[in-house]
Every structure is written in C-alpha cells, then in structure tokens.
Colleague: 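One structure follows; several queries about it will come next.
Remember, it's 1-based here, ligands and their atoms both numbered in the order they're listed.
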Amino acid sequence: MTTPNTDAKSSPTSSRALRDWVKEVAALTKPDAIVWCDGSEGEKNRLTKQAVAAGILIELNQEKRPGCYLHRSNPNDVARTEQLTFVCTPKKIDAGPTNNWSDPVETYAKLRGWLDGSMRGRTMYVVPYVMGPLGSPLSKVGVELTDSLYVVLNMRIMTRMGMAALEQLGESNDFNRGIHCTLDLNPERRLICHFPQDNTIISVGSGYGGNALLSKKCFALRIASVLGRDEGWLAEHQLILGLQSPDGETTYISAAFPSACGKTNLAMLTPPAEFKDWKIFTVGDDIAWMRVGPDGGLWAVNPENGYFGVAPGTSAKSNLNAMKMVQHDTIFTNVAMTPDGDVWWEGMDVPPPDGLLDWQGRPWKKDSGVKAAHPNSRFTTPMRNNPAWSPSADDPRGVPISAIIFGGRRASTVPLVLESIDWTHGVFMGATMGSETTAAASGAVGVLRRDPMAMLPFCGYNMGDYFAHWLEIGNKAEPGKLPKIFYVNWFRKDEGGRFLWPGFGENSRVLAWVFERCAGRGAASETPIGLIPPVDGEGIDTDGLDVSAEDMAELLNVDVAEWKAQLPQFRAHLAQFENLPPELHEQLDALENRLG
Ligand code: GTP
Ligand code: SPV
Ligand code: MN
C-alpha cells in the first residue's frame, strides 16, 4: 500500500505543488511505500543498514575506514551514457546540433509507459535537496523521486538534502522535478531525458553517477544552463579554488576541464616543498554557478555539497587531501577490495595485496593485464571531509572569480599554459577547445573531440546561443572586473608517450603565474595563439622542478604548423552552429591571420 503521507496533514512539506506531484508520480509508478527523506543522521544509519542487508552496499573495514562502504554497480552500468541522454525541447533547434533531441510529447508518453507500475514491490524515496549555500539567492531547490537506496545515500553526500530543502522551498512551486527509476538496468530501456521548459528530468534504467544522481549533471548543468540563459547567469562544469599567495592574499580561480581531466585534483592540490608558502583551498570540484555581482565582477558558488571523484590515479603523492578525505564516511563505487575489507585501485601507489577482489567481486590476479578497479571507479565523499575545504563554499554570496582556466587532455599542440588576449578571445579558446575522451562516459577512450568549455555533454541548449551568452556575460560585467581567461594542458607527451609535465602538485607553479598575471605582474610573451610565460626564467618558477630545460621548452612551444593544421577542424566545428555569434568567426579569421 502506498503510504498516504502526500496529504497536507501528514506531509512534511507545505508546498502543495510538491505534494501533488509526489502523489501523481506515485499513482503512476505504484510503489509499495513512499519515504520522505529528512537528511538526518538517524535516517542515514537506518538506510545504510537496509542497503547492506540488501547487498547494495558492502561494509568496509570499519576500523580502517569508519563509515565507508563499497557499491558494485551492474557491469553494464559504469559511466554516463551520452548516446542515451536527451534534451526534449518543443523545437529541435533549441537543443542544438550537439545534443540528442527527442520530441517532448512522444518522449513523455514513452517514459510514462515504462514508468507505469515500475516501482511495484519497491519503495519510492522523496529526496528534497538544495543546490548552493543554504539561504543564498543563487541556490535552487530540486526534488528527486527515486527507487534506489544507493542514489538516496549518495544524494545525501552530494547535496544539502532533507528538511533544509523543504524549509528553503516553503510553499513554493519552484523546484526541479527529477524522477529516477532503476527498472531492470537493461540498456535497451535506459534513457536520461531533460525537459527544460518544465524544469523536469526523467532518468530510467541506470543507477550510475551522472545518470542517476539527478542533482549533478542533469539539474546543476543541463537544466541549470537553460535557467542561466533565461536569468542571465552561467552554469558551468568548473572547479572553484582559492589560491593564497605567500603574502596571504587569496585569489579565486575556476577551471573547466572535461570529465576525468583533472578538476578534483587541481581543486585540492598540495603545492610542492618549494611552494609551501602557497596554499590551495577547495570551494568546488566539478560545478560552478556564476553571475555578475553588484560590483560588476563574476561571482561563483559551488552548488554541490560533496565530491564524486575518480579513484584511479589518486595516491598520497598525487592527491594527499583526497586520500585523507576518503578515509571516513565515503561510498566507493567499483573499486577493488582487499581481503581485510579495505579499498584498492590502480595508481594508489601501494602494491596490490594478495587475495584482492576486482570491481566485480572476482578474485584478481597480478599481471593478468586486467584492471582491478574500474577505470571510472569513484568515491562519494562530503566536501567537509577535505582538509583543504574552504568555508567560503558556504558563503551565500559566493566567491569573486579572478581567472577562468580552460583545459583538456592533449598529447600535442596545446602548450602548458596560455593567456587569452581578452574576454572574446578567451570565449573563442573555450569554444574551440579539444580533449581526448576518457572512461567517465561509455564509448572509446583517447579520441580527440571538440568539447567547448568542457560542456559538450552538459549544455542543455543550443551551443551557438551558449557562446553568445558567454559574450553577453562579458558585456554585462565591469571591464576591469572581468576574470582573465587562460588555457592549460597538463597532458602533453613526448614521442615515447611519456608525460612531459609532472602535473598534480606541480600545477601550482602554473597557478602562481596565473596569480601574477591577474595581479598585473608576471612576464608574458606574445604568440599568434595568445600570451605564454617566457621560457627563460621570468615565466614559470621552475626552482626545484624535475623537468629538463628541453622538456620545458617543448611544453611552452607554440608550433605554428601544428596550429595551422588545426584550423580546418576549428572551422568545421564552428560551422555546425547556424547561430554562431559573428565575434567567433572574426576570432577564427584573426587567428588565421596571426598564424600567417
Ligand atoms: P570528473 O569527475 O569526471 O569531472 O573528472 P575531473 O575533471 O575531476 O578529473 P580528476 O581530477 O578526477 O582526474 C582524472 C584523472 O586524471 C585521474 O586519474 C587523475 O589521477 C588524473 N590527473 C589529474 N590531474 C593530473 C595531472 O596534472 N597530470 C596527469 N598526468 N594526470 C592527472
Ligand atoms: C563527469 O563525468 O564529469 C563526472 C562524473 O563528474 S558523473 O557524475 O558521472 O557525471
Ligand atoms: Mn565532472
């Protein structure tokens, strides 16, 4: 029987619209019970016990990792599925050439068919959540209805979930409606559909990450980007960090890198010994909502409350803060498990113990050539676990952004760091950036694709309009207050496939140059593609850095022939957008001229 707590008397919400919607979805999906989540500690303990009893979570060694659990997802459901992700606007042109589109009327009808009776024998959880600092004018409320306990427990980490959200909602009708139903995890019946005109998401047939935790990519990026277009702000796939210089001055920097290209790592890096007087504080590791503030500058909040980070490659050497934060109260997904109930993954920098179970729970053999942890295995951890967490993540005003960094995974061509000539040139750099694909989405890995502003899979509307919106934000801000725009590449390789740049903590050397440039200092050399730090001395501080002079020269080299060879790709990429702002055509022509 459906519990009757959708009535005004017994319901925890004073929003009639929310009660009505929950009732309507329950009438369709027909769950055995409805549970309204309050976000309390007691609720977490109760649901965790249930998840362990049901085999959804495996309790890890509670002495070594208190409050930590392991989840093994269905092996066919291990990453976002971009080919099954749709933007369902009334007009196809509004989804644009880079999104899958389907007709909203037909899609609602098809999904209703799939949802009919889909929660029979199951519980429907009502998960209210706030994206952004509580009480902030920049925050938004969402409610996810889900039949997955894994989703509920992850949403509790990733968002400000429960009563606080119902309080923020009050009697309002203004909340994102997310319906998530696991079905039978058959990829034939898996769809992640967005209806921006209704502020609604329906996701069926997947229990994984960005497909199922609807607050994240579905709401905070795809739907929020449309809200931002209409309301005059930006929803971006960007980390936010505070960089404190040896003088104690803090500058906030945001950075857009595609999935699995280094946002979490940069957001909490530990500077090397020579840079110990510089400090990094994390505001956010994946998403930034940004708008022009009363002072004419760009202000950003991290809408999330936790991190859903990539496990492989995370070690005490590469990311000490991450290793510390996943020590407790963390849910691991698809990592390997040691015989004593601890976790292990490739690149952890500790040898795999005998008796390791792989991410599917099968005994794993060393040197078998098979990975023990899935390449897209992850941890979900509360942001307050991070030793580098910045309390300004809770500031309702957000933080003022001085620099925006774009970046991607490029084995060649793109130098270590590049500064744009101005905002419009920076928007052009973002609009044409490319990156090699990673395991964060299903499909081939290592294929170069254009991923504008790291938003290719996440922009909920026509990307031509999106570029125009970036230019408008630039016009709205005070010229002197606009962030400077940079472009970085940690992933340049030599012919033998070796990374030329050590990355991770050493990236603080590049941040220090960015800081100096923002302060109106720091040397830069003009090149046809933008400003780069001079190779000899005045640019990147290489004191104590283990990179040869030849490698450093290669990292900062701008090969005009290579850049010229990219121009046809740029042109073809931009040609997809019928409504491309003329400024970007002009930027392309200007680049072509500068390259000669
Ligand atoms: P999403 O959560 O998918 O959006 O990814 P992300 O952008 O936060 O990427 P993350 O920081 O998790 O890094 C992804 C992978 O890249 C991990 O395996 C890291 O170890 C690796 N990585 C991160 N930074 C660097 C770097 O500076 N150099 C190199 N070589 N690898 C890096
Ligand atoms: C990404 O793919 O960019 C992620 C992981 O941050 S997911 O939540 O699955 O989208
Ligand atoms: Mn991401």
Colleague: Given that the side chain starts at C-beta and the backbone is N, CA, C, O, which of these parts of D286 lies under 4.0 Å from ligand 2, counting heavy atoms, or is it both or neither?
Modeller: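 Side chain only; the backbone of D286 stays clear of ligand 2.
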
Colleague: Can you check whether R378 has an N/O within less than 3.5 Å of an N/O in ligand 1?
Modeller: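 Yes; at least one N/O pair falls below 3.5 Å.
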
Colleague: Would you indicate which of N319, N265, V488 comes nearest to atom 19 (C) of ligand 1 when only heavy atoms are counted?
Modeller: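 It is N265 whose heavy atom sits nearest to atom 19 (C) of ligand 1.
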
Colleague: Provide, to 0.1 Å, the distance between atom 4 (O) of ligand 1 and the closest protein heavy atom, together with that atom's residue and name.
Modeller: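 For this ligand atom, the closest protein heavy atom is K263 NZ, 2.8 Å.
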
Colleague: Compute both the distance and the angle, then confirm whether R222 meets the cation-pi test with F458: under 6.0 Å from the six-membered ring centre, within 45 degrees of the axis.
Modeller: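 No, cation not above the ring by the 6.0 Å, 45° rule.
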
Colleague: Provide, to 0.1 Å, the distance between atom 6 (O) of ligand 2 and the closest protein heavy atom, together with that atom's residue and name.
Modeller: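 Going atom by atom, the protein heavy atom closest to atom 6 (O) of ligand 2 ends up being K217 NZ, 2.6 Å.
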
Colleague: Could you check whether W278 and F515 have their ring centres less than 6.0 Å apart?
Modeller: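 Yes.
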
Colleague: Is any side-chain N of the basic residue among R517 and E419 closer than 4.0 Å to the acidic one's carboxylate O?
Modeller: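 Counted as a salt bridge, because a side-chain N and a carboxylate O are separated by less than 4.0 Å.
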
Colleague: So, for P75 and V78, which heavy atoms are closest and what is the spacing to 0.1 Å?
Modeller: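 It is O-CG1, 3.6 Å.
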
Colleague: I need the contact type for S259 against ligand 1. Using non-hydrogen atoms and a strict under-4.0 Å cut-off, is it side chain, backbone, both or neither?
Modeller: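 For S259, the contact with ligand 1 is made by both the backbone and the side chain.
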
Colleague: Heavy-atom contacts with R409 under 4.0 Å: which atoms of ligand 1 show up? List them by number with element.
Modeller: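 Those atoms are 15 (C), 16 (O).
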
Colleague: Do T264 and D285 meet the criterion of a side-chain donor-acceptor pair at a distance under 3.5 Å?
Modeller: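 Yes, a side-chain donor-acceptor pair sits under 3.5 Å.
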
Colleague: Check if E506 has a non-hydrogen atom at a distance under 4.0 Å from any atom of ligand 1.
Modeller: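 Under 4.0 Å: no for E506.
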
Colleague: For ligand 1, which part of T438 has a heavy atom less than 4.0 Å away: the side chain, the backbone, both, or neither?
Modeller: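 For T438, there is no contact with ligand 1 at all, from either part.
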
Colleague: If I apply the N/O under 3.5 Å rule, does G209 come out as touching ligand 2?
Modeller: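 For ligand 2, there is no N or O atom that lies under 3.5 Å from one belonging to G209.
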
Colleague: Work out which heavy atom in W345 is nearest to a heavy atom in G313; give both atom names and the distance.
Modeller: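 The answer is CD1-N, 4.1 Å.
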
Colleague: Given the rule in the side chain to side chain contact (heavy atoms under 4.5 Å, CB included) test, do F332 and V326 qualify, once you have shown the distances and angles that lead to the verdict?
Modeller: CA-CA 9 Å; F332 295 90; V326 302; 3.8 Å; yes

Colleague: Can you tell me which portion of P258 lies within the under-4.0 Å heavy-atom range of ligand 1? Options are side chain, backbone, both, or neither.
Modeller: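 Near ligand 1, P258 shows its backbone, while the atoms from C-beta on stay back.
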
Colleague: Please report the shortest heavy-atom distance between T330 and T381, naming the atom on each side.
Modeller: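 The pair with the smallest heavy-atom distance is OG1-OG1, 2.7 Å.
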
Colleague: Checking only N/O/S atoms, does K217 have one that is under 2.8 Å from the Mn ion (ligand 3)?
Modeller: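 True for K217.
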
Colleague: Quick check: A260 and ligand 1, any N/O pair under 3.5 Å apart?
Modeller: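 So ligand 1 has an N or O lying under 3.5 Å from an N or O of A260.
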
Colleague: Could you check whether any heavy atom of S318 sits closer than 4.0 Å to an atom of ligand 1, since that is the contact criterion I want to use?
Modeller: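 Judged by the 4.0 Å heavy-atom criterion, S318 does not count as contacting ligand 1.
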
Colleague: Which atoms form the tightest heavy-atom contact between P196 and C88, and what is the distance?
Modeller: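 Taking P196 first and C88 second, the nearest heavy atoms are CD-O, 4.4 Å.
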
Colleague: Looking at D286, pick out the N, O or S atom nearest to the Mn ion (ligand 3) and give its name.
Modeller: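 In D286, the heteroatom (N, O or S) nearest the Mn ion (ligand 3) is OD1.
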
Colleague: State yes or no: are the ring centers of F406 and W470 separated by less than 6.0 Å?
Modeller: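 Centroid separation for F406 and W470: below 6.0 Å.
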
Colleague: Do the ring planes of W364 and W344 sit parallel (below 30°), tilted (30 to 60°) or perpendicular (above 60°)?
Modeller: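 W364 vs W344 ring planes: tilted.
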
Colleague: Given F504, F499, W345, which has its nearest heavy atom closest to atom 28 (N) of ligand 1?
Modeller: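 Minimum heavy-atom distance to atom 28 (N) of ligand 1 goes to F504.
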
Colleague: Does NZ or CZ of R409 lie under 6.0 Å from the centre of the six-membered ring of F491, at an angle within 45° of the ring axis?
Modeller: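 Yes, a cation-pi geometry.
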
Colleague: Which atoms of ligand 2 are found less than 4.0 Å from any heavy atom of H237?
Modeller: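 Under 4.0 Å from H237, ligand 2 has these atoms: 3 (O).
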
Colleague: So which protein heavy atom does atom 18 (O) of ligand 1 come closest to, and at what separation?
Modeller: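 Of the protein heavy atoms, P312 O, 2.8 Å lies nearest.
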
Colleague: For G505 and P272, work out which heavy atoms get closest and say how close.
Modeller: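 That closest heavy-atom pairing would be O-CD, 3.4 Å.
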
Colleague: Considering non-hydrogen atoms of the protein only, which is the closest contact for atom 29 (C) of ligand 1, and what is the distance?
Modeller: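 In this structure, atom 29 (C) of ligand 1 has F491 CE2, 3.5 Å as its nearest protein heavy atom.
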
Colleague: Would you say G309 has any N or O atom under 3.5 Å from an N or O of ligand 1, going by distance alone?
Modeller: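 In this structure, G309 places no N or O atom under 3.5 Å from an N or O of ligand 1.
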
Colleague: Using a strict cut-off of 4.0 Å, indicate which atoms of ligand 1 neighbour a heavy atom of D286.
Modeller: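 So the atoms of ligand 1 that pass are 4 (O).
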
Colleague: Any atom of ligand 2 sitting under 4.0 Å from a heavy atom of R378?
Modeller: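 For ligand 2, residue contact (heavy atoms, under 4.0 Å) with R378 is present.
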
Colleague: Out of all atoms in ligand 2, which are within 4.0 Å of some heavy atom of G210? Include the element for each.
Modeller: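 Matching atoms, with element in brackets: 7 (S), 8 (O), 9 (O), 10 (O).
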
Colleague: May I have the step-by-step check of side chain to side chain contact (heavy atoms under 4.5 Å, CB included) for R378 and Y307, ending in yes or no?
Modeller: CA-CA 9 Å; R378 298 211 172 223; Y307 314 127; over 6 Å; no

Colleague: Give a yes or no on whether the backbone of M131 and the side-chain of T159 come within a donor-acceptor separation of less than 3.5 Å.
Modeller: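 Between the backbone of M131 and the side chain of T159 there is no qualifying donor-acceptor contact (under 3.5 Å).
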
Colleague: If you have a sec, work out which protein heavy atom is nearest atom 9 (O) of ligand 1 and how many Å separate them, to one decimal?
Modeller: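 Nearest neighbour among protein heavy atoms for atom 9 (O) of ligand 1, to 0.1 Å: G262 N, 2.8 Å.
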
Colleague: Taking N or O atoms only and a 3.5 Å limit, does K216 qualify as a polar contact for ligand 2?
Modeller: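 No.
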
Colleague: So which heavy atom on A439 is nearest to which on V445, and how close?
Modeller: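 Looking at all heavy atoms of both residues, the closest pair is N-CG2, 3.8 Å.
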
Colleague: For the 3.5 Å polar cut-off, considering only N or O atoms, please tell me whether S259 and ligand 2 meet it.
Modeller: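 Among all N and O atoms of S259, at least one is under 3.5 Å from an N or O of ligand 2.
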
Colleague: Taking only heavy atoms of A440, which atoms of ligand 2 are found under 4.0 Å from at least one of them?
Modeller: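 What qualifies from ligand 2 is 2 (O).
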
